[in-house]
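Numbering starts at 1 and runs along the sequence shown.
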Amino acid sequence: MTDRTLAGGTGPGIDIGVSQEVAERILIPLLDNARRYAVRSITLGCAPRAGAVTVYVADDGPGVPEAFATLLFEPGRRAHPRDGHDGAGLGLALARRLARPAGGDITLDTTAPGARFEVTLPAG
């Protein structure tokens, strides 16, 4: 296994086209947010696509208010600034800023319950 392989469960690993450090810097803010807002569960998934890999991070928390979805990736913006959770609203903006130059992106699935983020990265 290389340092750019996503593995887990019983299936084979999936090679991604970014370093482990970049993948971690992209995924950790999503995992931190899921940990903060999940009521009971956090779901992770990974699926190969043509020339890409999509990683899903979902939680069963309150989700992102529809009116805030377009502002979500702006630095310093938080959907609920007075919710008692730490954070300055920079994690998602920085994660997207790393994903895009690497040939990927981060999007919010607005149709999913809770919050569900899709991270697309180039295949390795």
Side-chain angles (χ1 to χ4, degrees):
M1 181 178 349
T2 68
D3 71 344
R4 298 182 320 178
T5 300
L6 299 175
T10 59
I14 298 172
D15 288 328
I16 57 174
V18 298
S19 70
Q20 179 178 338
E21 293 80 15
V22 170
E24 287 175 1
R25 287 182 172 209
I26 292 169
L27 292 172
I28 285 175
L30 299 173
L31 295 168
D32 282 345
N33 283 353
R35 179 189 50 81
R36 283 185 190 121
Y37 295 106
V39 174
R40 298 184 85 158
S41 67
I42 298 170
T43 304
L44 304 175
C46 184
R49 303 274 187 248
V53 175
T54 301
V55 178
Y56 306 93
V57 178
D59 66 63
D60 64 348
V64 178
E66 186 177 335
F68 188 75
T70 59
L71 305 172
L72 185 63
F73 294 99
E74 290 183 13
R77 301 301 299 253
R78 293 188 55 198
H80 306 286
R82 293 176 186 83
D83 63 5
H85 295 288
D86 60 341
L90 298 175
L92 294 177
L94 293 173
R96 183 181 253 184
R97 196 169 285 181
L98 286 170
R100 285 184 166 174
D105 202 359
I106 302 174
T107 58
L108 172 69
D109 179 352
T110 57
T111 65
R116 183 175 191 261
F117 290 90
E118 299 181 2
V119 179
T120 305
L121 296 169

So, for Cys46 and Val53, which heavy atoms are closest and what is the spacing to 0.1 Å? SG-CG1, 3.5 Å

Under the side-chain contact (heavy atoms from CB on, under 4.5 Å) rule, collect the residues that match up with Arg49, sequence neighbours excluded. Ala47, Ala52, Thr54, Tyr56

What is the minimum heavy-atom distance between Pro29 and Ala95, and which atoms define it? CG-CB, 4.1 Å

Working to the nearest 0.5 Å, report the span between CG of Leu44 and CG of Leu30. 10.0 Å

Applied to residues 51-66, the salt bridge (Lys or Arg N to Asp or Glu O under 4.0 Å) test, sequence neighbours excluded, yields none

Minimal non-hydrogen separation, Ala102 against Pro122, with atom names: O-CG, 3.1 Å

Who passes side-chain contact (heavy atoms from CB on, under 4.5 Å) against Thr107, sequence neighbours left out? Arg96, Asp105, Glu118

Tell me, please, which residues at least two apart from Leu108 pass side-chain contact (heavy atoms from CB on, under 4.5 Å). Val64, Ala69, Leu72, Thr110, Phe117

With sequence neighbours excluded, what pairs up with Val22 under the side-chain contact (heavy atoms from CB on, under 4.5 Å) test? Val18, Ser19, Ile26

Under the rule for side-chain hydrogen bond (donor to acceptor under 3.5 Å, both in side chains), what residues qualify as partners of Thr111, not counting sequence neighbours? Asp109

What's the separation between atom CD1 in Ile106 and atom CG in Leu98, rounded to the nearest 0.5 Å? 8.0 Å

Decide whether Ile28 and Val57 are clustered together by the hydrophobic rule: side chain heavy atoms of Ile, Leu, Val, Met, Phe, Trp, Tyr closer than 4.5 Å, transitively. no

